[in-house]
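Working notes, structure below.
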Protein chains: 2
Amino acid sequence: MATRTRRAERREEPLSRERIVEAAIGILDTAGEGGLTFRVLAERLATGPGAIYWHVSGKDELLGAATEGVVAGIVLGGACASATPQEAIRALGLRLFDAIDAHPWIGNQLSRSPGQSPMLRVFEHLGRQVRALGVPRAAQFTAASALLNYILGVAGQNAANAHGQESERNRTEFLDTVSAAWANLDPDEYAFTRDAAEQLRDHDDRVEFLAGIDLILAGIAASASD
Amino acid sequence: MATRTRRAERREEPLSRERIVEAAIGILDTAGEGGLTFRVLAERLATGPGAIYWHVSGKDELLGAATEGVVAGIVLGGACASATPQEAIRALGLRLFDAIDAHPWIGNQLSRSPGQSPMLRVFEHLGRQVRALGVPRAAQFTAASALLNYILGVAGQNAANAHGQESERNRTEFLDTVSAAWANLDPDEYAFTRDAAEQLRDHDDRVEFLAGIDLILAGIAASASD
DNA sequence: ACCTGAACACCGTTCAAGT
DNA sequence: ACCTGAACACCGTTCAAGT
């Protein structure tokens, strides 16, 4: 509804892979992963479902292209050469984190089909910074992988959490609910989690995410000086 | 086929939540996430699709119960109190890693619905070891989360990779294919990844996974001594 | 070359009807 | 209380037919 003022989109504009992917991203952002359907997509593009198959081989490729479309811009976005490697890694992480916040479906999609374009871009970028960190060659792969896997884990988590927390209000409510649920767990079986419930209430996901990155960076630094 | 010698399973055995979940796990292991259907499941249980809904609210709950069923045993499995916290964390990680190797669908399922039972068990276990490590209280949540997110990232990755690598042969072929593909990437855009392709060929996922865990543990230790 | 839209083979889920 | 299985409202995908 609010997204009607998108471009001009008169009609008659010819179908193209680009337009299809763009429309798919719009639907994914609005209606979530389950909302993207060839029928809805076709309606949005004022055509029939079959037409889409002329430009795209199927739903998997469509989801891949949508992910690629969003991630490509993110990774290249902030290549300011002046930062330290640590800062560059944190910056890339944050950009990805924010992108997943804006497009939660990416969180699930990123993990699929590894060795594929979007994830490879992230891996490459992380690897370069790891190398710049002075990590010995034999340890570079492990370090870059650890960072990537951590980021993918958080991404999946954020995608799963994305329900109706568009507003800060819902977000706080959500944290309160989880925190309360955790505090009611069995004291013997879940001693640690119950304790953690307190810290959860005033908890900033972004800060927590960065703290995890820093932990891995500290581990990389510590392992290098052996 | 090979799983026919499962129990006795004469017939007439009454339907139960337990039997349904068990059958679902069997189908998931054999046919993958896409192979689990209420119709196949009903056929396997010699009943109609509707009968399943009497014991289980829907597909989401079924998948959750299947995940819970597999993970619960894993986490509790090796609670030998004699090990150091580091060893306990590595052991839990390895058990999860192997479980995901055996039931790849868990990798995707674990991330869903956080604050839910299976993931919470893992988090609790990790948290206790982190505490035993002597990490100050304010840093415990971050440390346990980092470990969990890393594990979830690897889990998702393994789930995505699980195609037809049951045998070692296929696994090696797969690594060779990826390695070859990476070596053909654009030298400018993917300098690091191309270089990493070499190391990938004789690469042990389990070893690599543990190396990542150790990196985070090193980071936790380094951060503690500030 | 590109689009249309009916049709196919599926889904998850429901529900009247049975026992 | 528990099971049956036809039926509903969807899917992704195909394909003859159009332009």
Side-chain angles (χ1 to χ4, degrees), chain A residues 8-69 105 108-109 112-113 116 160 163, chain B residues 7 9-69 105 108-109 112-113 116 160 163:
Chain A
E9 213 162 67
R10 280 283 176 263
R11 84 190 80 173
E12 299 307 294
E13 210 175 328
L15 214 47
S16 69
R17 203 185 134 93
E18 193 186 324
R19 271 190 70 216
I20 291 171
V21 172
E22 189 185 345
I25 293 176
I27 294 171
L28 285 165
D29 289 345
T30 308
E33 217 158 347
L36 179 62
T37 279
F38 274 81
R39 271 164 256 255
V40 208
L41 185 56
E43 197 185 6
R44 177 102 140 213
L45 293 165
T47 180
I52 298 167
Y53 283 85
W54 183 263
H55 299 91
V56 150
S57 76
K59 196 171 188 182
D60 282 346
E61 190 192 311
L62 184 58
L63 281 168
T67 308
E68 168 77 7
W105 47 275
N108 293 324
Q109 210 51 39
R112 303 214 199 296
S113 61
Q116 228 58 13
H163 271 173
Chain B
R7 193 148 298 179
E9 213 162 67
R10 282 280 176 265
R11 82 190 83 171
E12 298 307 294
E13 211 174 328
L15 214 48
S16 70
R17 203 185 134 92
E18 195 186 323
R19 271 190 70 218
I20 292 172
V21 172
E22 191 184 342
I25 292 177
I27 294 171
L28 284 165
D29 289 345
T30 309
E33 217 158 347
L36 179 62
T37 279
F38 274 81
R39 271 163 256 255
V40 215
L41 185 56
E43 197 186 5
R44 177 102 139 213
L45 294 166
T47 181
I52 299 167
Y53 282 87
W54 184 263
H55 300 92
V56 150
S57 78
K59 197 171 188 183
D60 282 346
E61 191 193 311
L62 184 58
L63 281 168
T67 308
E68 169 77 7
W105 47 277
N108 292 326
Q109 210 52 38
R112 303 215 199 294
S113 62
Q116 227 61 12
H163 272 173

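A note on names: the letters A, B, ... follow the listed sequences, proteins ahead of strands, and every chain is numbered from 1.
Taking CZ of A/Arg112 as the reference point, atom CG of A/Asp60 lies at 8.5 Å (rounded to 0.5 Å). In this structure, CG on B/Leu36 lies 5.5 Å from CD1 on B/Ile27, to the nearest 0.5 angstrom. Note that CG of A/Leu41 is 4.0 Å distant from CD1 of A/Ile52, once rounded to the nearest 0.5 Å. To the nearest 0.5 angstrom, A/Ile20 atom CD1 is 12.5 Å from A/Ile25 atom CD1. How far CZ of B/Arg44 is from OG1 of B/Thr37: 12.5 Å, rounded to the nearest 0.5 Å.
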Which nucleotides of DNA chain C pair, in dot-bracket form (Watson-Crick or G-U under 3.5 Å, | meaning another strand): ||.|||||...|||||.||
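Pairs passing the ring-ring contact (aromatic ring centres under 6.0 Å, His included) check and including a residue from residues 35-67 of chain B, sequence neighbours excluded, read B/Phe38-B/Tyr53.
Of all the heavy atoms in B/Gly48 and B/Ala42, the pair that sits closest is C-CB, 3.5 Å. Of all the heavy atoms in A/Ala51 and A/Leu15, the pair that sits closest is CB-CD2, 3.8 Å. Shown here for A/Gly35 and A/Val40, the closest heavy-atom pair between the two residues is O-CG2, 3.8 Å.
For B/Lys59, whose side chain is taken as the heavy atoms from C-beta onward, the closest listed nucleotide among D/dT13, C/dT13, D/dC3 is C/dT13.
A donor-acceptor pair under 3.5 Å is absent between the side-chain atoms of A/Arg39 and the main chain of A/Pro49, judged by distance alone.
To the nearest angstrom, C1' of D/dC11 lies 14 Å from CD1 of A/Ile52. Atom P of nucleotide C/dC2 and atom NE2 of A/His55 are separated by 6 Å, given to the nearest angstrom. Protein atom CG of A/Asp60 is 10 Å distant from nucleotide atom C1' of D/dG12, rounded to whole Å. Atom P of nucleotide C/dA1 and atom CZ of A/Arg17 are separated by 19 Å, given to the nearest angstrom. Taking atom CD1 of residue A/Ile27 and atom P of nucleotide D/dC11, one finds them 11 Å apart after rounding to whole Å.
For A/Glu61, the side chain to side chain donor-acceptor pair (under 3.5 Å) criterion is met by A/Arg17, A/Ser57, not counting sequence neighbours. In this structure, the side chain to side chain donor-acceptor pair (under 3.5 Å) partners of A/Asn108, at least two apart in sequence or on a different chain, are A/Glu33.
Listed by residue number, the members of residues 34-43 of chain B with any heavy atom below 4.0 angstrom from DNA chain C are B/Leu36, B/Thr37, B/Phe38, B/Arg39. Of the residues in residues 61-69 of chain A, not one comes within less than 4.0 Å of DNA chain D through any heavy atom.
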Where along nucleotides 14-19 of chain D does protein come under 4.0 Å, by heavy atom, of base (B) or sugar-phosphate alone (S), with - for untouched nucleotides? BB----
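Here B/Trp54 does not reach the OP1 or OP2 of D/dC3: none of its side-chain N or O atoms lies under 4.0 Å away.
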